[in-house]
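Beneath this line is the structure, given in structure tokens, with notes to follow.
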Amino acid sequence: MTFEKEILRRRTFGIVSHPDAGKTTLTEKLLLFGGAIQVAGAVKSNKIKRGATSDFMEIERQRGISVATSVMGFEYEGRMVNILDTPGHQDFAEDTYRTLTAVDSAIVVIDVAKGVEPQTEKLVEVCRMRDTPMIVFINKLDRMGKDAFELLDELEAKLGLNPLPLSWPINMGPEFKGVYNIYDRKLVLFDAHGKQTGKSTIEFADLNDDALVKHIGERDAGILREEVEMIEEIYSEFEVEDYLGGLVSPVFFGSAINNFGVKELLDCFVRIAPSPLPSKTEERIIKPNEKTFSGFVFKIHANMDPKHRDRLAFVKVCSGKFERGKNYLHTRLGKTLKFANPTTFMASKKSIVDIAYPGDIVGLHDTGKFKIGDTLTEGEDLHFKGIPSFSPEMFRYIENADPMKSKQLAKGIDQLMDEGVAQLFYHQYNNRKIIGCVGALQFEVIQYRLEHEYSASCRWEPATLYKACWISCEDPATLKAFKTRKARNMAKDKHGSDVYLALSAWDLNSTQDLFPDVKFHFKSEF
Ligand code: G4P
């Protein structure tokens, strides 16, 4: 197969949802269709159940699962599909945001009863920031839920999406009869045993055909005709370009647990979802079909064995071919590195890879040389963009609890921050280190891992802060005046950028009023 064809057949995407909407179940059904797994139940939930937050075995178990399911690759209809897993627990949302920088498209799973939930809003916002094409799957139609039109309105109002239904449900809950596939003009019937067989799909180009009544009854045939007519009036015709440009989001309905509507979703997905897209670097735009290799690290996973502190760095191939044993430039360090055993992922199986193409993810054995966002090339000095840090919401001072182990502590903190577990800020006024997290669970994870992997022990002290915001100002004199006036609230992030530590929402507003020319940013890239 030619290089161009290899690129065009790749589909690298992520599934995002609020916990419990059905992401794990949908992933599993997709893998079953792809033949990547043979039995249901093979994909373990990567959730950390509430109440288990102090159970560190649970956290370790989750880390074990998450390395096994980080990338799930399979072939389907001649396409090479790579699903990038995203942590289910919202305390690990930063991980998910970063993984979303490596996907070319996303599937958003919504629970029909719950509609759009808070975590979905955040994740979709990250996708929208990058114009990532999104398909929505409304799940659990075997249960009673919100009205389908109401859900479409919610997608618009809460997620800012422009939804376009490509399938439409016939009832829900105990009365659920199936979906009409508007895109393919097919009726897909749901049978009481929850099996979707070949026989249950009927071509139905014209819904006015009398035969429709035979399949779903007079009342439901009437409702379906009316609703599809309404859809055709309200929504414009589906154009793949609009979806690829992030302008519309196709919507499908189904029930993942019953494997219903999943094949329709997958068939449409492999047809319309984008192959690897061009990537932005600080220097220039990189096209996937460029001859020379480039890629970036979007995730680092520490070894599960605390005695071996080596890690696995996940690299998305952005252009050219990645080849085993070849020399590549680590642009941040300015060093040439060679990887003898790069790994690839087919479902949960890891194997050595000789060649990887744009869209693929390779796992590189790392002894501490990589940080999130690092770039590898064949020699060109490039730096990939688009891995912002988000302003954390919880803060604590980290203190050394064992003076004999200060070196170990410093190293541990450094490496955990490189992995992206949390963010470190250096308070400029009192010289203390502050750790900022998205969720409280991360503080426990850090303490536990420092102890078990670095033999260091830490103590937390409260830091009553509201937000850490990156700041900028066009006028250097104003910026200097700001920093002098607010010296007690200034910090630096790990890259040395200026950060303002706001004590409260009120403090942030009044400071903004005082310095209208200073810009406050809630993510590290602006
Ligand atoms: P997540 O990864 O998004 O967090 O969700 P997950 O797939 O784990 O699904 C959450 C719960 O919803 C699971 O039940 C799962 O069985 C159920 N579920 C998924 N899809 C459907 C569906 O189409 N219909 C119905 N009725 N339920 C669905 P659980 O009781 O939390 O876990 P389990 O004991 O079944 O594993």
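Both ligands and their constituent atoms are indexed starting at 1 by order of listing.
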Answer side chain, backbone, both or neither: which part of [X] comes under 4.0 Å from ligand 1, heavy atoms only.
| X | answer |
| --- | --- |
| D142 | side chain |
| S17 | side chain |
| L26 | neither |
| R143 | side chain |

What's the separation between atom [atom1] in [X] and atom [atom2] in [Y], rounded to the nearest 0.5 Å?
| X | Y | atom1 | atom2 | value |
| --- | --- | --- | --- | --- |
| S105 | F269 | OG | CZ | 4.0 Å |
| E154 | K146 | CD | NZ | 3.5 Å |
| C469 | H521 | SG | NE2 | 9.5 Å |

Which atoms of ligand 1 have any heavy atom of [X] under 4.0 Å away?
| X | result |
| --- | --- |
| S255 | 22 (C), 23 (O), 24 (N) |
| A256 | 23 (O) |
| K23 | 1 (P), 2 (O), 3 (O), 5 (O), 7 (O) |
| P19 | 4 (O) |

message: In terms of relative ring orientation, are F260 and F190 parallel, tilted or perpendicular, with 30° and 60° separating the classes?
response: perpendicular

query: Parallel, tilted or perpendicular for W460 and F443, by the 30°/60° rule?
result: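 Perpendicular.
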
Short N or O distance, T25 and ligand 1, threshold 3.5 Å exclusive: yes

- request: Could you tell me whether some N/O pair between G254 and ligand 1 is separated by less than 3.5 angstrom?
  value: no

field: salt bridge (charged side-chain N to carboxylate O under 4.0 Å, His left out) contacts in which one or both residues fall within residues 106-127, not counting sequence neighbours
entry: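 As it turns out, the salt bridge (charged side-chain N to carboxylate O under 4.0 Å, His left out) pairs with a partner in residues 106-127, which skip direct neighbours, are D111-K140.
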
field: Derivation of the salt bridge (Lys or Arg N to Asp or Glu O under 4.0 Å) call for R219 and E175
entry: CA-CA 12 Å; R219 187 193 68 131; E175 304 255 296; 3.5 Å; yes

message: I'd like to know if N139 contacts ligand 1, where contact means a heavy-atom distance under 4.0 Å to any ligand atom.
response: yes

Enumerate donor-acceptor pairs with a distance under 3.5 Å from any side-chain N or O in residues 226-242 to protein atoms, sequence neighbours excluded.
| unit_1 | atom_1 | unit_2 | atom_2 | d |
| --- | --- | --- | --- | --- |
| E227 | OE1 | W168 | NE1 | 2.7 |
| E232 | OE2 | R185 | NH2 | 2.8 |

